[in-house]
Chemist: 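Next up is a structure, given as structure tokens.
Start at 1 with the first residue, then count along the sequence.
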Amino acid sequence: MDELSLRLVPDALWEITEPLIPRFTPRPQGGGSTPVDDRAVFTAVVFVLTSGCAWRHLPPSFGVTVPTAHRRFVAWARAGVFEKLHHAVLDRLGGAGELDWSAAILDAASGPGEKGGSLTGPSPVDRGKKGSKIHVLSDANGIPLVVDVSGANAHDSTLLQSMVDAIPAVKSRRGPRRRKPGKLRADKGYDYDKYRYWLREQGIVPRIARRGIERNDRLGRYRWKIERTIAWLTGYRRLTIRYERSGEHFTAFLSLAAALTCFKKIPT
């Protein structure tokens, strides 16, 4: 394996990923081509995410043909492999005591969608052009716990409950798995009493800025962490501009980016 491939998918990352990959099932009648190495395909997918290149520009040096890489990516996305990988990496972080459950931070950011497709909508901040919105919920230090995608016209607050409900049960250094933060911090876009009531019912203290009352700089002491997280995710160039017509495929790339972001935080 060459240096680029090892840098994209080091052995420690593949150790977590390999058990999550669906097993190859040979044809009952036999014959057919030899299955392509899963690690080579996964490395090619990570390269597409990181570089932002079109599938047709995938370098042949990975030893994977473009149709095979794309077909396997679609199958893995449908099987939830990238979301499972994100959860598996979070388990490693939780077991090492690297997650701060004292609070969670929620925010969203819009981006253009060149080709439209599912989970897109007219952007209110880009002259009504089609786009998507990335939603991120992190721990108190900005490690992404949950990611999701909606149309750019969706209001940030509409995903608050589903994002909190989607927090996975993560291993702890001691005791049972953990999935509930002590507080939820969010900006004025989430300022609705129904969400405050709902959070309290879940045993989570709402720390949501109030419109016309609280200054933005109060939340700013914490908001920079989630803004940094969104910058980490959109630093994967395939997420900077959405090229996937399928919302499922774009969400799969986002989940993979979240998994890689978390993997970089595992202590060595």
Chemist: Using 4.0 Å as the upper bound for N to carboxylate O, is an ion pair formed by Arg238 and Glu244?
Modeler: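 Looking at Glu244 and Arg238, the cut-off is met.
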Chemist: Hey, are Lys188 and Asp191 close enough for a salt bridge, meaning a charged N less than 4.0 Å from a carboxylate O?
Modeler: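 No, Lys188 and Asp191 are not salt-bridged.
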Chemist: Are any of the side-chain heavy atoms of Glu98 and Ile266 separated by less than 4.5 Å?
Modeler: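 Glu98 does not reach Ile266 side chain to side chain.
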Chemist: When rounded to the nearest 0.5 angstrom, what distance separates OG1 in Thr17 from CG in Leu85?
Modeler: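 The distance works out to 4.5 Å.
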Chemist: Aromatic rings Trp14 and Phe42: how do their planes relate, parallel, tilted or perpendicular, breaks at 30° and 60°?
Modeler: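 Ring orientation of Trp14 relative to Phe42: tilted.
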Chemist: Is there a continuous path of hydrophobic side-chain contacts, each under 4.5 Å between heavy atoms, that joins Val170 to Leu184?
Modeler: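 As far as the 4.5 Å side-chain criterion goes, Leu184 and Val170 are connected within one cluster.
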Chemist: Any chain of hydrophobic side-chain contacts (each under 4.5 Å) joining Ile21 to Val9?
Modeler: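 Yes; Val9 is reachable from Ile21 via cluster members.
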Chemist: Are the side chain of Arg179 and the backbone of Asp165 linked by a donor-acceptor contact shorter than 3.5 Å?
Modeler: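 Present.
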Chemist: Any chain of hydrophobic side-chain contacts (each under 4.5 Å) joining Phe73 to Leu13?
Modeler: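 Linked within one cluster.
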Chemist: Could you tell me whether the side chain of Thr251 and the main chain of Gly247 form a donor-acceptor pair under 3.5 Å?
Modeler: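 Checking the backbone N and O of Gly247 against the side chain of Thr251, a donor-acceptor pair under 3.5 Å is found.
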Chemist: Any donor-acceptor pair under 3.5 Å linking the side chain of Arg178 with the backbone of Pro181?
Modeler: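 No: the side chain of Arg178 does not pair with the backbone of Pro181.
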Chemist: For the residue pair Glu83 and Leu256, establish whether any side-chain heavy-atom pair is separated by less than 4.5 Å.
Modeler: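 Not in contact.
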Chemist: How far apart are the C-alpha atoms of Val45 and Trp55, what are their side-chain angles, what is the distance that settles it, and do they pass the side-chain contact (heavy atoms from CB on, under 4.5 Å) test?
Modeler: CA-CA 9 Å; Val45 172; Trp55 287 103; 4.1 Å; yes
Chemist: Has the side chain of His86 got a donor or acceptor atom that lies under 3.5 Å from a matching backbone atom of Leu254?
Modeler: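 It does not hold such a pair.
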Chemist: Is Trp76 reachable from Tyr236 through a run of I, L, V, M, F, W or Y residues, each pair having side-chain heavy atoms under 4.5 Å apart?
Modeler: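 Per the 4.5 Å side-chain linkage, Tyr236 and Trp76 are co-clustered.
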Chemist: Counting only heavy atoms not in Arg78 (residues, nucleotides, ligands), do more than 12 fall under 6.0 Å from its CZ?
Modeler: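 At most 12 heavy atoms, drawn from other residues, nucleotides or ligands, come within 6.0 Å of this atom.
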Chemist: To the nearest 0.5 angstrom, please state how far the CG atom of Leu6 sits from the CG atom of Asp11.
Modeler: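 Between Leu6 CG and Asp11 CG, I get 6.0 Å after rounding to 0.5 Å.
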Chemist: Verify, without hydrogens or angle tests, whether Thr50 (side chain) and Phe47 (backbone) share a donor-acceptor contact under 3.5 angstrom.
Modeler: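 Here the side-chain-to-backbone pair does not exist.
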Chemist: Are side-chain heavy atoms of Val146 and Pro168 found at a separation under 4.5 Å?
Modeler: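 When only atoms from C-beta onward are counted, Pro168 and Val146 do touch, with a gap below 4.5 Å.
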Chemist: Using a 4.5 Å cut-off on heavy atoms from C-beta on, say whether the side chain of Phe263 contacts that of Pro10.
Modeler: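 Counting from C-beta outward, Pro10 and Phe263 do come under 4.5 Å.
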Chemist: Say whether, by atom type as modelled, one donor and one acceptor occur between the side chain of Thr158 and the main chain of Ala154 under 3.5 angstrom.
Modeler: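 Judged by distance alone, no pair lies under 3.5 Å.
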Chemist: Are the side chain of Arg207 and the backbone of Ala103 linked by a donor-acceptor contact shorter than 3.5 Å?
Modeler: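 Looks like no, no N/O pair under 3.5 Å.
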Chemist: In this structure, would Val205 and Leu145 fall into the same cluster of hydrophobic residues linked by side-chain contacts under 4.5 Å?
Modeler: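 Different clusters.
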Chemist: Quick check for you: to the nearest 0.5 Å, what is the distance between Asp2 atom CG and Arg7 atom CZ?
Modeler: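 Answer rounded to 0.5 Å: 9.0 Å.
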Chemist: How long is the straight-line distance from CZ of Arg210 back to CG of Asp193, given to the nearest 0.5 Å?
Modeler: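 The distance works out to 6.5 Å.
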Chemist: Out of curiosity, Ser132 OG to Ile241 CD1, how far, rounded to the nearest 0.5 Å?
Modeler: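 It is 12.0 Å, given to the nearest 0.5 Å.
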Chemist: Taking salt bridge (Lys or Arg N to Asp or Glu O under 4.0 Å) as the cut-off, I'd like each qualifying pair that reaches into residues 141-150, sequence neighbours left out, listed once.
Modeler: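 Non-adjacent pairs meeting salt bridge (Lys or Arg N to Asp or Glu O under 4.0 Å): zero.
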Chemist: Would you find a donor on one side and an acceptor on the other, under 3.5 Å apart, between the side chain of Arg237 and the backbone of Gly52?
Modeler: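 Side chain of Arg237 to backbone of Gly52, a donor-acceptor pair under 3.5 Å: no, none is there.
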Chemist: Can you tell me how far apart SG (Cys262) and CD1 (Ile16) are? Round to the nearest 0.5 Å.
Modeler: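 If we round to the nearest 0.5 Å, Cys262:SG and Ile16:CD1 are 10.5 Å apart.
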Chemist: Does any non-hydrogen side-chain atom of Val46 lie less than 4.5 Å from one of Leu49?
Modeler: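 With C-beta onward as the side chain, the pair stays apart.
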Chemist: So which of Leu233, Thr261, Ile134 actually passes side chain to side chain contact (heavy atoms under 4.5 Å, CB included) with Val147?
Modeler: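 That would be Leu233; it is the only one of Leu233, Thr261, Ile134 passing the side chain to side chain contact (heavy atoms under 4.5 Å, CB included) with Val147.
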Chemist: Determine whether Asp37 and Val64 make a side-chain contact, defined as any pair of heavy atoms from C-beta on separated by less than 4.5 Å.
Modeler: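 No, side chains not in contact.
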Chemist: Under 3.5 Å, side chain of Lys133 to main-chain N/O of Val149, donor-acceptor pair present?
Modeler: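 Not at all, since once roles are kept as given, no pair shorter than 3.5 Å links the two residues.
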Chemist: Under 3.5 Å, which donor-acceptor pairs do the side chains of residues 135-142 form with other protein atoms, sequence neighbours left out?
Modeler:
| unit_1 | atom_1 | unit_2 | atom_2 | d |
| --- | --- | --- | --- | --- |
| His135 | NE2 | Ser150 | OG | 2.7 |
| Asp139 | OD1 | Asn141 | N | 3.0 |
| Asp139 | OD1 | Gly142 | N | 3.0 |
| Asp139 | OD1 | Ile143 | N | 2.8 |
| Asp139 | OD2 | Asp100 | N | 2.9 |

Chemist: Could you walk me through whether Arg185 and Lys183 pass side-chain contact (heavy atoms from CB on, under 4.5 Å), step by step?
Modeler: CA-CA 6 Å; Arg185 304 188 187 278; Lys183 305 172 186 175; 4.0 Å; yes
Chemist: Determine whether Lys180 and Trp101 make a side-chain contact, defined as any pair of heavy atoms from C-beta on separated by less than 4.5 Å.
Modeler: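 No; the side chains remain at least 4.5 Å from each other.
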Chemist: Counting distance only, does the side-chain N/O of Lys130 pair as donor-acceptor with the main-chain N or O of Pro112 below 3.5 Å?
Modeler: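 Checking the backbone N and O of Pro112 against the side chain of Lys130, no donor-acceptor pair under 3.5 Å is found.
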Chemist: As a quick check of understanding, evaluate side-chain contact (heavy atoms from CB on, under 4.5 Å) for Tyr195 and Val164, giving each step before the final call.
Modeler: CA-CA 11 Å; Tyr195 296 128; Val164 173; over 6 Å; no
